[in-house]
Amino acid sequence: MTTAEPNARSWPRAVGIGLLVSIVTAAVMLALTAAGLSPFPKPPSLAFAETMLGRALPLPVGLLFHTAYVTFWSVIFVRYFPRRDLWTALGLAGVLWLVILVVFFPVVGWGFAGVSVSPRLIPASFVPHLLFGLLLWGLDEYLPAFRSARSSTN
């Protein structure tokens, strides 16, 4: 657990970790899509944004939804989870993956676990969640806490 520094749970650090996790996971998923390796009919965050707003949207709107979602859960982990180890981060990622399968995919019209589109959505949606958990833990564990000017003058 990374709590040696008093501000290891600071808002700027938590948001920064969330943004970094969001950028890396989005870059990986966009690269897989560009390479033709993604079984998704469209990026899931874009599908969600279109469902919520009831119209077709450009990819950047989906990326904003992705960033908000990933940053939110990253902040919750960094700021409020009492244990912030690898297994806890992977546990959060696993729970979020199950929510995607059971709630998110049906909401966007892809059916329970995405099987209306393809059973391949099950493992394909697991990969970014695994990456989320690993990045979340790694950045929280190894990204140094910000030091305030006041603490560095002592």
Side-chain angles (χ1 to χ4, degrees), residues 1-34 37-40 42-53 57 59-108 110-114 117 120-152:
M1 187 153 104
T2 309
T3 58
E5 306 244 5
N7 55 357
R9 292 181 183 262
S10 72
W11 281 101
R13 184 173 182 278
V15 170
I17 287 171
L19 291 173
L20 285 170
V21 171
S22 172
I23 290 166
V24 173
T25 55
V28 168
M29 295 312 296
L30 289 173
L32 291 172
T33 299
L37 299 174
S38 175
F40 294 101
K42 62 176 66 177
S45 57
L46 179 59
F48 182 73
E50 290 179 344
T51 300
M52 292 297 102
L53 299 177
L57 298 165
L59 180 60
V61 175
L63 291 173
L64 286 174
F65 270 70
H66 167 81
T67 299
Y69 179 79
V70 170
T71 301
F72 172 80
W73 285 109
S74 298
V75 167
I76 295 299
F77 179 82
V78 173
R79 296 268 310 161
Y80 302 109
F81 273 44
R83 287 187 56 207
R84 295 176 4 236
D85 58 18
L86 176 60
W87 296 113
T88 306
L90 291 175
L92 173 61
V95 167
L96 293 174
W97 176 58
L98 293 174
V99 168
I100 292 300
L101 295 175
V102 174
V103 176
F104 173 84
F105 285 168
V107 165
V108 299
W110 295 351
F112 180 80
V117 173
R120 292 178 32 208
L121 265 59
I122 297 169
S125 62
F126 176 76
V127 171
H129 285 86
L130 176 62
L131 183 59
F132 165 81
L134 293 171
L135 286 169
L136 181 59
W137 168 78
L139 289 170
D140 185 46
E141 182 72 20
Y142 296 106
L143 189 70
F146 299 109
R147 294 182 187 268
S148 67
R150 192 178 327 160
S151 67
S152 63

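Everything quoted here is computed from the prediction, not taken from an experiment.
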**Q** Compile the donor-acceptor pairs under 3.5 Å between side chains in residues 42-50 and protein atoms, sequence neighbours left out, one pair per line.
**A**
residue, atom, partner, partner atom, Å
K42, NZ, E50, OE1, 2.4
S45, OG, G62, O, 2.9
E50, OE2, L57, N, 3.0

**Q** Less than 3.5 Å apart, which donor and acceptor atoms pair up between the side chains of residues 89-101 and the rest of the protein, not counting sequence neighbours?
**A**
residue, atom, partner, partner atom, Å
W97, NE1, I122, O, 3.4
W97, NE1, S125, OG, 2.9

**Q** Applying ring-ring contact (aromatic ring centres under 6.0 Å, His included), name anything that partners F105, two or more places apart in sequence or on another chain.
**A**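 F105 satisfies ring-ring contact (aromatic ring centres under 6.0 Å, His included) with W110 once adjacent residues are dropped.
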
**Q** Please state whether the rings of F77 and F81 are parallel, tilted or perpendicular, taking 30° and 60° as the class boundaries.
**A**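 Plane angle between 30° and 60°, so tilted.
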
**Q** Using the side chain to side chain donor-acceptor pair (under 3.5 Å) rule, collect all pairs that involve residues 19-28, keeping only residues at least two apart or in two chains.
**A**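 As it turns out, the side chain to side chain donor-acceptor pair (under 3.5 Å) pairs with a partner in residues 19-28, which skip direct neighbours, are S22-T67, T25-H66.
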
**Q** Quick one: CG on L20 to CG on L139, what's the gap to the nearest 0.5 Å?
**A**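 One finds 5.5 Å between CG of L20 and CG of L139.
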
**Q** Hey, are the side chains of F132 and V21 touching, using non-hydrogen atoms and a 4.5 Å cut-off?
**A**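 Yes; the side chains approach each other to less than 4.5 Å.
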
**Q** Decide side chain to side chain contact (heavy atoms under 4.5 Å, CB included) for F40 and V117; before the verdict, give the C-alpha distance in whole Å, the side-chain angles of both, and the deciding distance to 0.1 Å.
**A** CA-CA 8 Å; F40 294 101; V117 173; over 6 Å; no

**Q** Main chain of L143, side chain of R13: is a donor-acceptor contact present, judged purely on distance under 3.5 Å?
**A**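 Yes: the side chain of R13 pairs with the backbone of L143.
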
**Q** Excluding sequence neighbours, so at least two apart, what forms side-chain contact (heavy atoms from CB on, under 4.5 Å) with P106?
**A**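 side-chain contact (heavy atoms from CB on, under 4.5 Å) check on P106 returns nothing, list empty.
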
**Q** Do L63 and L30 have side chains that approach each other closer than 4.5 Å (heavy atoms only, starting at C-beta)?
**A**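 Yes, at least one pair of side-chain atoms sits under 4.5 Å.
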
**Q** Measure across T33 and S38 and return the closest heavy-atom pair with its distance rounded to 0.1 Å.
**A**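 T33 and S38 have their closest heavy atoms at OG1-CB, 3.6 Å.
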
**Q** With rounding to the nearest 0.5 angstrom, report the CZ to OH distance, R9 to Y80.
**A**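 Here the interatomic distance stands at 10.0 Å.
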
**Q** Mind checking what makes side-chain contact (heavy atoms from CB on, under 4.5 Å) contact with T51, not counting sequence neighbours?
**A**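 Once residues adjacent in sequence are excluded, the partners of T51 under the side-chain contact (heavy atoms from CB on, under 4.5 Å) criterion are V107, V108.
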
**Q** Find out whether L19 and V70 are in side-chain contact, i.e. whether some heavy atom of one side chain is under 4.5 Å from a heavy atom of the other.
**A**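 Result no, sub-4.5 Å side-chain heavy-atom pair not found.
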
**Q** Under a 3.5 Å distance rule, please check whether R79 uses its side chain to pair with a backbone N or O of V15 as donor and acceptor.
**A**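 No, the answer is negative, given that no donor and acceptor are paired below the 3.5 Å cut-off.
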
**Q** Would you list the pairs meeting salt bridge (Lys or Arg N to Asp or Glu O under 4.0 Å) in which at least one residue belongs to residues 91-102, sequence neighbours left out?
**A**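 Listed once each, the pairs would be none.
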
**Q** Determine whether L134 and L86 satisfy the following criterion, side chain to side chain contact (heavy atoms under 4.5 Å, CB included), listing intermediate values before the conclusion.
**A** CA-CA 7 Å; L134 293 171; L86 176 60; 3.8 Å; yes

**Q** Taking ring-ring contact (aromatic ring centres under 6.0 Å, His included) as the test, write out the residues that go with W137, two or more places apart.
**A**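 With sequence neighbours excluded, W137 shows a ring-ring contact (aromatic ring centres under 6.0 Å, His included) to Y142, given in chain and number order.
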
**Q** Not counting sequence neighbours, which residues clear side-chain contact (heavy atoms from CB on, under 4.5 Å) with L64? List them please.
**A**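 If we apply the side-chain contact (heavy atoms from CB on, under 4.5 Å) test to L64, skipping adjacent residues, there are no hits.
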
**Q** For V24 and L135, which heavy atoms make the closest approach, and how far apart are they?
**A**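 Looks like CG1-CD1, 3.5 Å.
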
**Q** Going by side chain to side chain donor-acceptor pair (under 3.5 Å), name the residues that satisfy it together with T88, two or more places apart in sequence or in a different chain.
**A**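 Expected list: D85.
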
